[in-house]
Number of protein chains: 2
Amino acid sequence: MIQLDLKDRRPLYEQIKEKLKLLIIKGVLKADEKIPSVRELAQYLTINPNTIQKAYKDLEAEGLIYSVRGKGNFVMPLEHAINPAREEELMKELQKIIAELIYMRVSRKKLSAFIDDIYENKGDEVR
Amino acid sequence: MIQLDLKDRRPLYEQIKEKLKLLIIKGVLKADEKIPSVRELAQYLTINPNTIQKAYKDLEAEGLIYSVRGKGNFVMPLEHAINPAREEELMKELQKIIAELIYMRVSRKKLSAFIDDIYENKGDEVR
DNA sequence: CTAACTGTATTAATACATATAATACACTTA
DNA sequence: TAAGTGTATTATATGTATTAATACAGTTAG
């Protein structure tokens, strides 16, 4: 389900967040579907449960999953996943990246084509 | 020239990088213009020179400035600031952010309008 | 040439972030 | 009740960030 990359300098919990987010965005994990328990995923990845818990806590704060005591963690249905604060955060990041790309002379045309591709594939081709 | 925000949880050198990058992108700092020396900026911000040096080193690696021993640090002219590796990095980040925005039901139309604004203002309205 | 400025590098000390480990407690379900 | 879930706490080890104090090398103005 998830593979960690030790060569990646980012924290493990960041990698876990990213991979899970991708599975949710791509629709591999569907609304209200249960994701692995903290202990289960920790055992599978041979890392500490606390690290998984941190990743899950962050994903919950971002509105992508919800957790139920005694039951598990589940994928937040889209209607509730819409999170204005998170959206604003993403737009700000977007703003910075695009401003830098513009400075580097990336044309509006190239950028539009790139974005069109993402809209068509819905994020499939992230490594 | 630059103001640090202690409430910001990011490292100081990240804040410095971001603010300088913005000044360069917006054209406030022009090609081959000298930026403050590590000691000068450190004194002005009342932080350690090593922290400034780390920020400058990163900006040099990203191709935004160049440094000359004994003289100072300068804004890299655009012709040389174009950095394919950095561009690819930015495109990958872009891909992730947009995929998440699409998941959050942000329309292509809204996104296009946002990007058009950035192209027109060239990054002016980042806080 | 010298003094005062530049960038660069190193080492040490401290604080914070990350990750592991071992527990404990509360809730859910078979 | 037993075994699974999330959640919280404390301790420990390691990595990252930051400050601090120096040192060395190149540039420039006097």
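Small disclaimer: the values here were computed from a predicted structure and weren't measured. Order of the sequence lines fixes the chain letters, A, B, ..., with proteins taken first and strands second; residue numbering starts at 1 for each chain.
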Send over the distance from [X] [atom1] to [N] [atom2], rounded to a whole Å.
| X | N | atom1 | atom2 | result |
| --- | --- | --- | --- | --- |
| I16(B) | dA17(D) | CD1 | C1' | 12 Å |
| Q43(B) | dA21(D) | CD | P | 14 Å |
| Y66(B) | dT8(C) | OH | P | 13 Å |
| I52(A) | dA8(D) | CD1 | P | 17 Å |
| F74(A) | dG4(D) | CZ | P | 16 Å |
| L41(A) | dG6(D) | CG | P | 10 Å |
| K57(A) | dG6(D) | NZ | C1' | 11 Å |
| E40(B) | dT8(C) | CD | C1' | 17 Å |

### Message
Applying side-chain hydrogen bond (donor to acceptor under 3.5 Å, both in side chains), can you list everything that pairs with D116(B), at least two apart in sequence or on another chain?
### Response
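side-chain hydrogen bond (donor to acceptor under 3.5 Å, both in side chains) list for D116(B), sorted by chain: R108(A).
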
### Task
Sugar-phosphate means primed atoms, P, OP1 and OP2; the rest is base. With that split, encode nucleotides 17-30 of chain C 5' to 3' as B, S or - using protein heavy atoms under 4.0 Å.
-SSBBB-B-BBSS-

Mind checking the [atom1]-[atom2] spacing from [X] to [Y]? Nearest 0.5 Å is all I need.
| X | Y | atom1 | atom2 | result |
| --- | --- | --- | --- | --- |
| L94(B) | E89(B) | CG | CD | 12.5 Å |
| I25(A) | M104(B) | CD1 | CE | 9.5 Å |
| Q15(B) | T51(B) | CD | OG1 | 11.5 Å |

### Message
My understanding is that only one of K21(A), K26(A), K17(A) makes a salt bridge (Lys or Arg N to Asp or Glu O under 4.0 Å) with E100(B); could you say which?
### Response
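So the option named by the test is K21(A).
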
### Query
Near Q43(A) CD, under 6.0 Å, is it more than 12 heavy atoms from other residues, nucleotides or ligands?
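It does not: Q43(A) CD has 12 such atoms or fewer within range.
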
### Query
Does a side-chain N or O from S67(A) land closer than 4.0 Å to OP1 or OP2 of dT5(D), or not?
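For dT5(D), OP1/OP2 do not have a side-chain N/O of S67(A) under 4.0 Å.
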
